[in-house]
Structures are given as C-alpha cells and as structure tokens.
Amino acid sequence: MDSGKSTVKYGLGKQKDNQLCGNTDNLIMNDWAEFVRNINMEYTQKTGRTRKFRIDVFGCQMNELDSETIAGMLIEMGYQEVTDNSPADIIVFVTCCVRENAEERIFGHIGALASECAEYGSIIAACGCMMQQPHIIEKIKKSYHNVKIVFGTHNIQSFPELLYTYLTKGRRVFQVWEKEDRIIESLPVKRAEKHKGWVNIILGCNNFCSYCIVPYVRGRERSRKMSDILNEIKALADDGCKEITLLGQNVNSYGNDLGEKDLFAKLLYAIEDIEGIKRVRFMTSHPKDLSDNLIDAMKNCSKVCNHIHLPVQSGSNRILKMMNRKYTREHYLSLVEKLRTAVPDIAVSTDIIVGFPGETEEDFEDTLDIVRKVMFDAAFMFIYSPRKGTPAARIENTTPPDSISQRFKRLSELQTGIATNLAKKLEGKTLEVLVDGLSKQNPDMFSGRTTTNRLVNFKAAHAEKGMFMDVEIIRAGAFWLEGKGGNERG
Ligand code: 5AD
Ligand code: SF4
C-alpha cells in the first residue's frame with residue numbers, strides 16, 4: 001500500500017521529508033501530541049489561561065466521528081473545548097465536498113471568522129474531504145490567510161505534528177496525502193455522547209457512482225479488522241454506550257478487501273454477544289451489495305434496529321445506468337419486498353438525486369413512481385451538483401434550473417405526504433424510545449429515537465439521556481412525532 005511515496009505536501013517547501021510519512025504509527029503521533037502539550041503547559045504557566053478549541057463539522061456521520069477524533073487529539077494536546085461558539089485559540093473545520101453548496105457554506109463560515117482571528121488571535125485548521133482537492137488548497141493559500149493548518153482525509157494522524165510545526169515555526173502548514181494509508185487504530189476519541197456512538201467499519205469507496213466525489217477524496221475500500229471493531233464496541237459498552245451505528249460509505253462490502261464474503265452479516269451476529277449494547281444501526285447500504293445473508297442477519301439479530309438506509313438515487317433505469325449504480329429499479333423494489341417480508345415493520349429511508357444530467361420528465365416520473373411504490377419513511381433529496389473530476393460533470397446538463405427546482409418541489413411534496421401518512425398510523429401507539437436528552441425543537445420536552453429512527457419529542461416527569469422509555473404517540477408529522485412519556489423500560 002502506498003504511504004510516504006504518495007504524499008503530496010503543499011507548502012512544506014524543501015523541508016526534510018515529514019517523518020510521519022510512511023511511518024504512521026500512533027506512537028509517533030503521541031510524541032508530537034506531547035510536544036504540543038508541553039508548549040501549552042508553558043503557555044498556561046505564563047498566562048494563567050488554558051488554550052481553547054472549537055470544531056465546526058459539515059457533512060456525513062463519518063465527519064462527525066472524525067471530529068470526535070480531532071477533539072480527542074486536541075484534549076491530549078492540552079486544549080479545552082468550547083461548545084457555545086465563544087472565542088477559541090484554534091477552530092477546526094471538518095469539511096465536506098459532496099455538493100457545491102457545502103463548499104460555499106464552509107468558505108462563508110471561514111470568511112466570517114476574520115474578526116475573531118484578528119481580535120483574539122485565533123487560528124483555523126481545515127481538514128476532511130474538501131481538502132483533498134488541489135484547487136481548494138490553492139484557493140485557501142491565496143485568499144484565506146487565517147487558515148494556518150490543512151490536512152486531508154488520509155492523514156488525520158498528522159494533525160499534532162502539523163500543529164507543532166505551526167506553533168514553533170509560525171508558518172502555515174499544508175499536508176494532504178494523495179492516497180490512502182493503512183488504517184490507524186486507537187487514535188484518541190472524545191465521544192460527543194456516552195449513550196450512543198459511531199464506529200467506523202470500512203473506510204473509502206470502490207463504487208465510483210458517476211456523480212460522486214467520495215471515491216476520489218476518501219480513497220479505496222479498507223475494512224477494519226473484525227477483532228478491532230469488536231474490541232472498540234466492547235469498550236464503548238463498558239463505558240455505558242447503548243446504541244452503536246456502524247459506519248462506512250458502503251457497509252455491505254465490509255470484508256471484501258480482507259478476502260471474506262458476507263463478513264458484515266457475521267459482524268452483526270458477533271455484536272449480538274456484546275453485553276450492554278442494546279441497539280445496532282448501520283449506514284450506508286448499497287442496494288447492489290445487499291445480500292440475502294445480510295437480510296437474514298437483520299431478521300435474526302435482535303439488536304439490529306428496524307431501519308435501513310438504502311439510497312435509491314433515481315427510479316429510472318436509464319439514469320441508474322448513467323449513474324453507474326449497477327442495479328435496476330426492479331432489483332431495488334425486490335430488495336424492499338424481501339426486507340419487509342423478513343422484518344415486517346422495518347422503516348426504509350433513502351437518498352434521491354433530482355436533475356442528474358439528461359434526466360427527462362419521463363425519468364423523473366419513474367422516480368416519483370418508485371417513491372409511491374416503496375413509500376419511504378424518510379428521504380434525503382438533493383439537487384444534482386456537478387463535482388469536478390467526476391464522469392457526470394462532463395455530461396452537459398440541458399435541463400433548465402427552473403424545471404429541476406420544480407421537480408424537486410414535486411418530489412418533496414410527494415415524499416412529505418407519504419411520510420406524514422405513515423407517521424399518522426403511529427398515533428395512539430406506545431413506542432420504545434432511546435432518550436437523547438432535551439428536544440432541540442422544544443426545550444420543555446425530551447427527545448429520542450424509535451428503533452425505526454423516528455424522532456420523538458415527548459413530555460415526561462423524568463427522563464434521562466440513555467434511558468429506554470415507553471412513549472405514547474399523541475401527534476404525528478412527517479419529521480417528528482409528539483408523545484407523552486411513561487415508564488422506563490427494564
Ligand atoms: N450531487 C447531488 N447529490 C449528491 N450526492 C452525492 N453526490 C452528489 C452530487 N454530486 C448525494 C447522494 C448520496 C448522498 C450522500 O449525497 O444521494 O447518497
Ligand atoms: Fe458515492 Fe456511490 Fe460510493 Fe456512495 S457508493 S460514496 S454515492 S460513489
């Protein structure tokens with residue numbers, strides 16, 4: 001596997017080759033972390049204050065988990081987290097480039113920090129998918145001078161060393177590895193929640209859907225060893241974790257690169273034996289790889305939640321082919337039928353792209369039709385965004401933007417109606433909810449999720465994060481249910 005040789009360093013000039021390259025042992029990472037910690041201890045002794053950090057995360061759950069790792073590293077290095085947007089010495093952006101509007105928002109947020117940087121001397125570090133693109137690096141170098149440290153998706157472990165370099169040399173450091181390295185285990189992680197946690201099982205993606213930039217910025221599929229995953233989950237359980245979400249761009253291909261078939265199903269069975277873990281979720285599943293063995297595992301494993309996120313992207317076979325999705329609408333429909341036969345009350349959610357280049361009215365009608373047929377519990381809908389370097393970006397999009405917006409509106413209305421109707425059927429029922437704390441929409445209520453991943457806001461005399469409670473649903477809408485809390489489940 002490539003390591004040092006594939007390193008692309010921006011801005012390190014003629015500096016001696018970075019010692020972390022090709023030698024990514026986290027022992028070395030710990031050394032750099034200790035150097036930074038010493039600098040920070042000296043600073044605290046001199047000034048009486050501790051340096052602070054803040055993290056701004058964009059994009060998917062993998063980025064959420066990366067941000068927990070970065071928080072873990074910063075704490076190791078002697079920084080203290082601020083969560084209320086108050087000034088910080090270092091602000092880290094964990095970025096996403098799946099759609100153009102994410103990139104624009106990130107540049108907007110970075111630009112808006114100019115006065116905090118000037119007044120408070122804050123510095124910005126940027127990492128994640130967006131940083132894997134050379135044109136973004138050039139833009140940052142030229143126009144965003146408050147960004148002092150940049151690293152990519154493959155070298156998150158370099159962060160302490162880069163921070164040390166910045167703190168001691170005072171110059172901007174850019175280090176982005178072009179290719180993936182082996183997986184680094186046991187980086188420090190500061191979990192955002194105790195009662196639920198994300199667990200990466202496979203990094204990267206081999207699918208090259210024609211619209212998607214992820215394979216270019218996250219590299220090829222690399223599965224973690226099953227023993228490492230199980231040990232991590234056991235440690236989480238020992239620490240009070242009740243629900244885990246297994247993460248990967250395509251969890252269904254977990255183990256393929258280790259030469260094992262259906263290892264993901266085996267992993268689900270193995271997690272059944274871990275005491276303390278009560279719920280298991282996973283995302284994302286690719287329809288082309290959803291095997292019968294996996295559906296059986298979902299049926300047989302009592303901890304696996306009654307929910308699957310199964311992106312369909314389009315209901316038109318012609319567009320699915322152009323998207324390089326490698327399944328047909330008929331195959332997708334047959335999978336949903338199999339899932340519903342195996343797990344009768346399973347909730348199915350999806351992702352849909354509207355306005356892929358060349359999408360005709362007829363293609364779009366096929367998408368509406370599959371949405372009506374499947375009746376998704378939830379759908380994340382996106383307007384197609386051309387991504388530089390992907391095959392689809394080279395196809396001319398002749399559909400006028402107004403027509404695409406109209407299609408998006410029609411799809412959203414259809415989906416909201418379906419989700420509302422499905423939710424209404426839950427009124428009067430009592431559902432088990434894992435409590436997440438106070439509701440964001442309504443702070444005098446608690447909130448939590450059902451096994452089907454529905455958000456429930458509810459009133460109760462007493463509820464606590466991590467409790468399983470029976471909640472009676474009194475009102476239901478497309479996006480959240482309202483309930484009244486009853487008893488804690490034993
Ligand atoms: N344009 C719009 N949506 C996209 N997605 C991925 N790439 C693009 C793009 N170029 C959507 C897909 C994917 C989800 C995470 O983001 O629906 O499943
Ligand atoms: Fe992107 Fe397709 Fe891979 Fe998902 S499976 S990350 S959409 S290339």
Side-chain angles (χ1 to χ4, degrees), residues 57-66 95-105 128-130 132-133 153 180 200-223 245 247-254 256-257 264 282-290 308-316 319-327 332 335 348-359 363-364 367 370-371 374 376 378-395 397 399 401 404-405 407-408 411-412 415:
V57 196
F58 295 80
C60 64
Q61 286 77 9
M62 294 204 165
N63 276 9
E64 294 284 345
L65 183 48
D66 279 354
T95 65
C96 167
C97 60
V98 166
R99 284 169 295 277
E100 195 178 0
N101 58 5
E103 288 187 350
E104 283 163 0
R105 267 194 313 136
C129 296
M130 203 172 145
Q132 291 295 132
Q133 305 172 96
T153 56
E180 62 276 10
N200 272 331
I201 64 166
I202 177 167
L203 307 182
C205 181
N206 289 357
N207 291 311
F208 290 94
C209 300
S210 65
Y211 51 81
C212 185
I213 197 152
V214 169
Y216 306 90
V217 294
R218 288 255 175 198
R220 296 294 68 72
E221 286 176 356
R222 288 97 72 208
S223 299
T245 304
L247 294 179
Q249 304 298 341
N250 177 11
V251 287
N252 302 154
S253 55
Y254 171 67
N256 288 355
D257 56 312
F264 184 53
F282 52 84
M283 66 188 308
T284 294
S285 291
H286 195 306
K288 80 176 166 56
D289 298 313
L290 183 65
I308 187 163
H309 185 65
L310 194 64
V312 65
Q313 312 296 3
S314 168
S316 151
I319 296 293
L320 285 173
K321 197 154 199 242
M322 286 171 77
M323 286 178 163
N324 193 30
R325 289 290 287 177
K326 302 198 176 90
Y327 56 84
Y332 189 93
L335 286 177
V348 183
S349 61
T350 201
D351 293 343
I352 302 173
I353 297 177
V354 178
F356 184 83
E359 181 191 79
D363 293 318
F364 178 65
T367 296
I370 206 165
V371 168
V374 174
F376 293 106
F380 298 90
M381 295 161 278
F382 309 103
I383 288 184
Y384 168 74
S385 166
R387 303 284 58 213
K388 207 172 167 178
T390 61
R394 294 195 289 272
I395 312 173
N397 205 349
T399 318
I404 296 176
S405 307
R407 284 180 195 167
F408 186 81
L411 177 64
S412 310
Q415 175 53 32

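Each ligand, and each atom within it, is numbered from 1 in the order the structure gives.
Aromatic ring centroids of F382 and F408 lie 6.0 Å or more apart.
The side-chain contact (heavy atoms from CB on, under 4.5 Å) search around P357 returns Y384, I395, N397, not counting sequence neighbours. With sequence neighbours excluded, no residue forms a side-chain hydrogen bond (donor to acceptor under 3.5 Å, both in side chains) with N324.
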### Query
Would E221 and S253 count as a side-chain contact (heavy atoms from CB on, under 4.5 Å) if you check the C-alpha gap in whole Å, the side-chain angles of each, and the deciding distance to 0.1 Å?
CA-CA 8 Å; E221 286 176 356; S253 55; 2.9 Å; yes
### Message
Run the side-chain hydrogen bond (donor to acceptor under 3.5 Å, both in side chains) test on Q61 and T245 for me, step by step, so that the C-alpha distance in whole Å, both residues' side-chain angles and the decisive distance to 0.1 Å come before the verdict.
### Response
CA-CA 9 Å; Q61 286 77 9; T245 304; over 6 Å; no
### Task
Could you go through the side-chain contact (heavy atoms from CB on, under 4.5 Å) check for M62 and Q249 one step at a time?
CA-CA 9 Å; M62 294 204 165; Q249 304 298 341; 3.4 Å; yes
### Query
I352 and Q415: side-chain contact (heavy atoms from CB on, under 4.5 Å), yes or no, with the steps?
CA-CA 11 Å; I352 302 173; Q415 175 53 32; 6.0 Å; no
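No salt bridge links D351 with R99; every basic N to acidic carboxylate O contact stays at or beyond 4.0 Å.
The local environment of CZ in F380 is sparse, with at most 12 non-hydrogen atoms from other residues, nucleotides or ligands closer than 6.0 Å.
Residues with a heavy atom under 4.0 Å from ligand 2: C205, N207, F208, C209, Y211, C212, V214, P215, Q249, H286, R325. Annotation: ligand 1 has protein neighbours V98, R99, Y211, Q313, D351, I353, F382, I383, Y384, S385, R387, each with a heavy atom less than 4.0 angstrom from the ligand.
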